[in-house]
Number of protein chains: 2
Amino acid sequence: MGSDPRQHLIASATALLADEGVEAVTLRRIAREAGVSHGAPLRHFAGRTELLSAVASTGFAELRRRGETSAGATAAERLRAACLAYLDFALGNPAMFELMFRHDLIDAHAPELAGTSDALFTGFCELVRGAQEEQGWRTGTDSRLLAASLWSALHGLAELWLWGELGRALKPDEIDAVLRVTLETYLR
Amino acid sequence: MGSDPRQHLIASATALLADEGVEAVTLRRIAREAGVSHGAPLRHFAGRTELLSAVASTGFAELRRRGETSAGATAAERLRAACLAYLDFALGNPAMFELMFRHDLIDAHAPELAGTSDALFTGFCELVRGAQEEQGWRTGTDSRLLAASLWSALHGLAELWLWGELGRALKPDEIDAVLRVTLETYLR
DNA sequence: CCGCGACGTAGACAGCGTCTACAACTCTTT
DNA sequence: AAAGAGTTGTAGACGCTGTCTACGTCGCGG
């Protein structure tokens, strides 16, 4: 294996995830992909859960990066851009997005994963608070609660859309319209 | 097996689901629970997916029942009650709720399941339309899009809460507060 | 030089979904 | 009444999975 076998395994798993979906990411497939024996990954990860948690953690880190670098002159515009980035990430990386919230496959309490996902939520809270302070937007409500509510709305939209539930009731191009309704509802 | 083996198996699976979670609901466990051999369920269902789809379908039916019978003098009150019922169902039956949206375990295109879940969305749309017409609430927006947006917000809140992501950032009793923020945001 | 820890391998085990061959039982048709 | 066909349950097999264990094989520090 390479110089950093742990990173090598995470990379193989990430590629497998993007190519063939969550189901395909088994320890044995990862090992085969990485060119090692079926038991080798267990030398670097306590089990499948720990490896998948590490993969999911990179997903949270990437999502946070996208949210933080979202451009905009005002805080409200940056918040709006971050919301769009969330949906963009989910629809563009459906398998990674699914893994990140499959609590049967990952361990939300793993230190690394808890760190990256908490950082994501904290960053989002700050975006919300910034928009609140900048222009007296919903100043009455706790920014943490408001951030949780808005995040939920975005998250639910991504999940229902990816699941296909909305897909039968709505036309494929109507997801943008629903997202616009959600943003209109919150950001005004 | 009983007079209606199909129903018997669904009942065993439902009990197993509530008792031990989604992971425990394997074909072989269901068979053991129902007191038959490990291959017997395949005489009544084409595979695990079909059996779990039937179980999930009962979940959608129950959820719809709760939403339709939600009391309220005005349409707006009935809509609000239905929203509360959605969260109540998710938090009270976490395993069933999880199964209902695990598209890797069930087949969303199975006729029975598609019927019950479509009926749920349609009913919710009508509740939204009713509230729109009754009191000129958000009359500019398509009721289907508005219903999808609101449903997403509720669904995301349930998922994130059950997943535990919000649980680390928020105190256990703050989910009610977030729900109130969401309802305030939409229903005004 | 030797031992020890890190790493990789191969085999085993139980559990899973699914398939197949076989037996029993019910119902229809002759 | 006898025979055949369809339905339902059983038992075993196959390949897949995660995980554990025993066994090697390096490299590096005492």
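Chain identifiers are assigned alphabetically (A, B, ...) following the order of the sequence lines, protein sequences preceding nucleic acid strands; residue numbering begins at 1 within each chain. Nothing here was measured: the structure is a model prediction, and the numbers come from that model. Values below: every heavy atom of this structure, side chains too, minus hydrogens, waters and symmetry copies.
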Practice task
Kindly point out which of D/dT17, C/dT9, D/dT10 is positioned nearest to the side chain of B/Val36?
Solution key: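 The closest nucleotide is D/dT10.
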Spacing of [X] atom [atom1] relative to [N] atom [atom2], expressed in whole Å:
{"X": "A/Leu27", "N": "D/dC20", "atom1": "CG", "atom2": "P", "value": "11 Å"}
{"X": "B/Ile30", "N": "C/dT18", "atom1": "CD1", "atom2": "P", "value": "11 Å"}
{"X": "B/Arg29", "N": "C/dG17", "atom1": "CZ", "atom2": "P", "value": "11 Å"}
{"X": "B/Leu9", "N": "D/dT7", "atom1": "CG", "atom2": "P", "value": "17 Å"}
{"X": "A/Glu23", "N": "C/dC16", "atom1": "CD", "atom2": "C1'", "value": "14 Å"}

Look at [X] together with [Y] and state whether they make a salt bridge at an N to O cut-off of under 4.0 Å.
{"X": "B/Arg102", "Y": "B/Glu98", "answer": "yes"}
{"X": "A/Arg66", "Y": "A/Glu62", "answer": "yes"}
{"X": "B/Arg65", "Y": "B/Glu68", "answer": "no"}
{"X": "B/Arg29", "Y": "B/Glu33", "answer": "yes"}

Problem - Partner residues of B/Asp142 under the side chain to side chain contact (heavy atoms under 4.5 Å, CB included) criterion, sequence neighbours left out - result: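 With sequence neighbours excluded, B/Asp142 shows a side chain to side chain contact (heavy atoms under 4.5 Å, CB included) to B/Arg144, B/Leu145, given in chain and number order.
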Exercise for the section: Evaluate the side-chain proximity of A/Phe124 to A/Leu79: yes if any heavy-atom separation is below 4.5 Å, no if none is. Expected result: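 Contact flag for A/Leu79/A/Phe124 side chains = yes.
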Handout entry: Aromatic plane relationship, A/Trp151 with A/Tyr86 - under 30° parallel, 30 to 60° tilted, over 60° perpendicular
Key =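 Plane angle over 60°, so perpendicular.
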Exercise for the section: Return the orientation label for the A/His155 and A/Phe97 ring planes: parallel under 30°, perpendicular over 60°, tilted otherwise. Expected result: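 A/His155 vs A/Phe97 ring planes: tilted.
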Practice task
Check DNA chain C against residues 42-52 of chain B and give the residues with a non-hydrogen atom under 4.0 Å, in numerical order.
Solution key: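 Close to the strand are B/Leu42, B/Arg43, B/Gly47, B/Arg48.
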Hey, what are the protein-to-nucleotides 11-16 of chain D N/O distances that come in under 3.5 Å?
{"from": "D/dG12", "atom 1": "O6", "to": "B/His38", "atom 2": "NE2", "distance (Å)": "2.7"}

Exercise for the section: Give A/Arg6 one of three labels, base, sugar-phosphate or nothing, depending on what nucleic acid heavy atoms sit under 4.0 Å from its own. Expected result: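 Answer is nothing: A/Arg6 stays at 4.0 Å or more from every strand.
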